[in-house]
Amino acid sequence: VVRANNHTLSFILLVSIKLSFLSVFLFLGHPVDITCMLRQTSFGITFSIAVSCVLAKTLMVSIAFKATKPGSPWRKWVGVKVAYCIVLSCSIIQILISVIWLTISPPFLELNFLFEPGQIIIQCNEGSAIGFYIVLSYMGLLASVSFIVAFLARSLPDSFNEAKYI
């Protein structure tokens with residue numbers, strides 16, 4: 001039996017991990033314009049949702065243990081709505097980054113004549129390299145913040161400490 005501190009967030013986490021694994025299939029096969037645009041953006045958005053769920057769950061556990069002290073100012077931050085706001089805000093930032101990238105310089109289908117003489121290679125050009133790296137950097141930032149929060153939460157009581165071995 002598995003018990004979770006927020007089953008809805010756990011479900012969102014599970015679905016987003018599944019969707020990020022399924023986004024790999026966009027990289028297979030003959031590329032077309034729509035798959036070129038959906039490759040990086042779909043993975044970036046679903047992975048950001050997954051990492052923001054981990055961040056929200058870890059933050060909520062840390063806040064819950066800080067709020068147990070009498071008169072603690074952390075008591076007003078305990079609740080499901082705070083976790084949902086964290087996931088929603090982190091996901092919306094990644095969606096906005098992806099929409100801006102797709103608006104300014106989207107990935108497109110490209111015919112490469114130079115890679116191998118005598119053959120034409122059909123591939124996706126990522127469009128703006130800066131947009132691509134901003135999407136990757138934001139995922140790295142979310143993962144880093146999640147790791148730092150988990151590292152700081154390692155000193156929680158042993159009865160509810162999933163991060164004590166970090």
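We number each residue from 1, following the sequence as shown.
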Would you compute the distance between atom [atom1] of [X] and atom [atom2] of [Y] and round it to the nearest 0.5 angstrom?
| X | Y | atom1 | atom2 | answer |
| --- | --- | --- | --- | --- |
| Met37 | Phe108 | CE | CZ | 11.5 Å |
| Thr35 | His30 | OG1 | NE2 | 8.5 Å |
| Phe115 | Ile121 | CZ | CD1 | 5.5 Å |
| Ile97 | Leu136 | CD1 | CG | 10.5 Å |
| Arg39 | Cys124 | CZ | SG | 3.5 Å |
| Thr8 | Leu13 | OG1 | CG | 12.5 Å |

If you take all heavy atoms of [X] and [Y], which pair is closest and at what distance?
| X | Y | answer |
| --- | --- | --- |
| Cys36 | Pro31 | SG-CB, 4.1 Å |
| Val135 | Gln94 | O-NE2, 3.6 Å |
| Ser98 | Thr41 | CB-CG2, 3.9 Å |
| Gly131 | Ser128 | N-OG, 3.1 Å |

Legend entry - Derivation of the side-chain contact (heavy atoms from CB on, under 4.5 Å) call for Tyr84 and Leu9: CA-CA 8 Å; Tyr84 293 151; Leu9 264 183; 4.2 Å; yes

Do [X] and [Y] share a hydrophobic cluster (ILVMFWY, side-chain heavy atoms under 4.5 Å, transitive)?
| X | Y | answer |
| --- | --- | --- |
| Met139 | Leu141 | yes |
| Leu26 | Ile95 | no |
| Ile49 | Val82 | no |
| Leu96 | Leu88 | yes |
| Ile86 | Val149 | yes |

Treating [X] as the side-chain partner and [Y] as the backbone partner, does any N or O pair qualify as donor plus acceptor under 3.5 Å?
| X | Y | result |
| --- | --- | --- |
| Tyr138 | Cys90 | yes |
| Asp33 | Leu109 | yes |
| Ser91 | Val87 | yes |

Inset, instruction - May I ask you to check whether over 12 heavy atoms, not counting those of Phe47, lie within 6.0 Å of atom CZ? - result: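 At most 12 heavy atoms, drawn from other residues, nucleotides or ligands, come within 6.0 Å of this atom.
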
Counting C-beta onward and ignoring hydrogens, is there a side-chain heavy-atom pair between [X] and [Y] closer than 4.5 Å?
| X | Y | value |
| --- | --- | --- |
| Lys57 | Ser10 | yes |
| Leu55 | Val145 | yes |
| Ile130 | Tyr133 | no |
| Trp101 | Pro107 | yes |
| Leu114 | Asn112 | yes |
| Thr58 | Ser146 | no |

Legend entry - Passing candidate, side chain to side chain contact (heavy atoms under 4.5 Å, CB included) with Val15, options Ile12, Leu19, Ile17: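 Single side chain to side chain contact (heavy atoms under 4.5 Å, CB included) partner of Val15 among Ile12, Leu19, Ile17: Leu19.
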
Legend entry - Check: Thr46/Lys18 side-chain N/O donor and acceptor closer than 3.5 Å: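 Judged by distance alone, the side chains do not pair up.
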
